[in-house]
> 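Take a look at the following structure, please.
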Amino acid sequence: MAKVTFQPDHLTHECEDGMMLIDICEEVDTALSFGCTEGSCGVCELTVLKGRENLNKFTEEEKEYLYEEDLENGMRLGCQLKIRKGEVTISWKGNRAK
Ligand code: FES
């Protein structure tokens, strides 16, 4: 089992290994929102506070949308995230246009 903590919601949710974050969000009452769901709008931008190693690699969409420095600092696009295993903690502030 994997575990995701949505820090702004003060919420932790257990899920199966390998689930997409966007699918997990359908099961929980989170304020994290999505727009295009295809990695092109940035509405789902978030920061991974813990467990980066437990996520999928950066997708082409993330490399296209986010700055390299942002990726290095833990920013990801929520709609592109897969929780491979273990514990992950995420946070977000709102939208930011590139
Ligand atoms: S929902 Fe548009 S980039 Fe994730």
Side-chain angles (χ1 to χ4, degrees):
M1 287 293 262
K3 198 187 286 188
V4 186
T5 298
F6 299 82
Q7 195 179 67
D9 298 317
H10 306 289
L11 178 75
T12 298
H13 184 74
E14 286 194 349
C15 60
E16 307 235 340
D17 291 349
M19 277 189 80
M20 297 296 291
L21 180 67
I22 196 167
D23 294 330
I24 297 167
C25 288
E26 288 183 12
E27 299 176 1
V28 298
D29 187 19
T30 176
L32 178 63
S33 52
F34 297 89
C36 68
T37 72
E38 295 175 350
S40 60
C41 74
V43 167
C44 64
E45 189 178 299
L46 55 79
T47 301
V48 181
L49 302 179
K50 285 186 202 160
R52 286 190 215 180
E53 67 280 5
N54 295 331
L55 299 168
N56 59 318
K57 292 183 179 164
F58 303 135
T59 64
E60 289 305 313
E61 288 80 1
E62 289 176 296
K63 290 183 200 167
E64 178 81 16
Y65 187 84
L66 295 165
Y67 294 114
E68 198 173 323
E69 185 186 320
D70 290 341
L71 289 169
E72 286 169 8
N73 287 330
M75 283 191 175
R76 301 289 302 257
L77 295 175
C79 66
Q80 302 293 302
L81 280 195
K82 181 186 282 189
I83 316 298
R84 293 173 41 238
K85 59 179 181 172
E87 296 186 22
V88 176
T89 300
I90 59 172
S91 185
W92 60 90
K93 285 187 226 152
N95 302 343
R96 182 188 62 94
K98 183 170 179 178

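Computation of the quantities below employed the complete heavy-atom set of this structure, encompassing side-chain atoms and omitting hydrogens, waters and symmetry-equivalent molecules. We count ligands from 1, going down the list as the structure has it; atoms in each ligand are counted the same way. Residue numbers start at 1 and run along the sequence shown.
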> Just how far is it from atom OH of Tyr65 to atom OG1 of Thr59, taken to the nearest 0.5 Å?
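OG1 of Thr59 is found 13.0 Å from OH of Tyr65.
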> State the CG-CE distance between Asp17 and Met1, to the nearest 0.5 angstrom.
8.5 Å
> What atoms in ligand 1 come closer than 4.0 Å to a heavy atom of Cys36?
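Atoms satisfying the 4.0 Å criterion: 1 (S), 2 (Fe), 3 (S).
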> Find out whether His13 and Met19 are in side-chain contact, i.e. whether some heavy atom of one side chain is under 4.5 Å from a heavy atom of the other.
no
> Between Val4 and Val28, is there a shared hydrophobic cluster once you connect ILVMFWY residues whose side-chain heavy atoms come closer than 4.5 Å?
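In one cluster with Val4: Val28, yes.
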> Does ligand 1 have an atom under 4.0 Å from some heavy atom of Gly35?
yes
> Can you name the atoms of ligand 1, numbered from 1 with element, that are less than 4.0 Å from a heavy atom of Gly39?
3 (S)
> Using the side-chain hydrogen bond (donor to acceptor under 3.5 Å, both in side chains) definition, which of the options Lys57, Gln80, Arg76 pairs with Glu62?
Arg76
> Verify the distance test for Cys44 against atom 4 (Fe) of ligand 1: any N/O/S atom under 2.8 Å, yes or no.
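Yes, since at least one N, O or S atom of Cys44 sits under 2.8 Å from atom 4 (Fe) of ligand 1.
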> Do Leu21 and Val88 come close enough that some side-chain heavy atom pair is under 4.5 Å?
no
> Find all atoms of ligand 1 within a distance of less than 4.0 Å from any non-hydrogen atom belonging to Ser40, and give their numbers and elements.
3 (S)
> Does any N, O or S atom of Cys41, backbone or side chain, fall under 2.8 Å from atom 4 (Fe) of ligand 1?
no
> At less than 4.0 angstrom from any non-hydrogen atom of Thr37, what atoms of ligand 1 do you find?
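This gives 1 (S), 2 (Fe) as the contact atoms.
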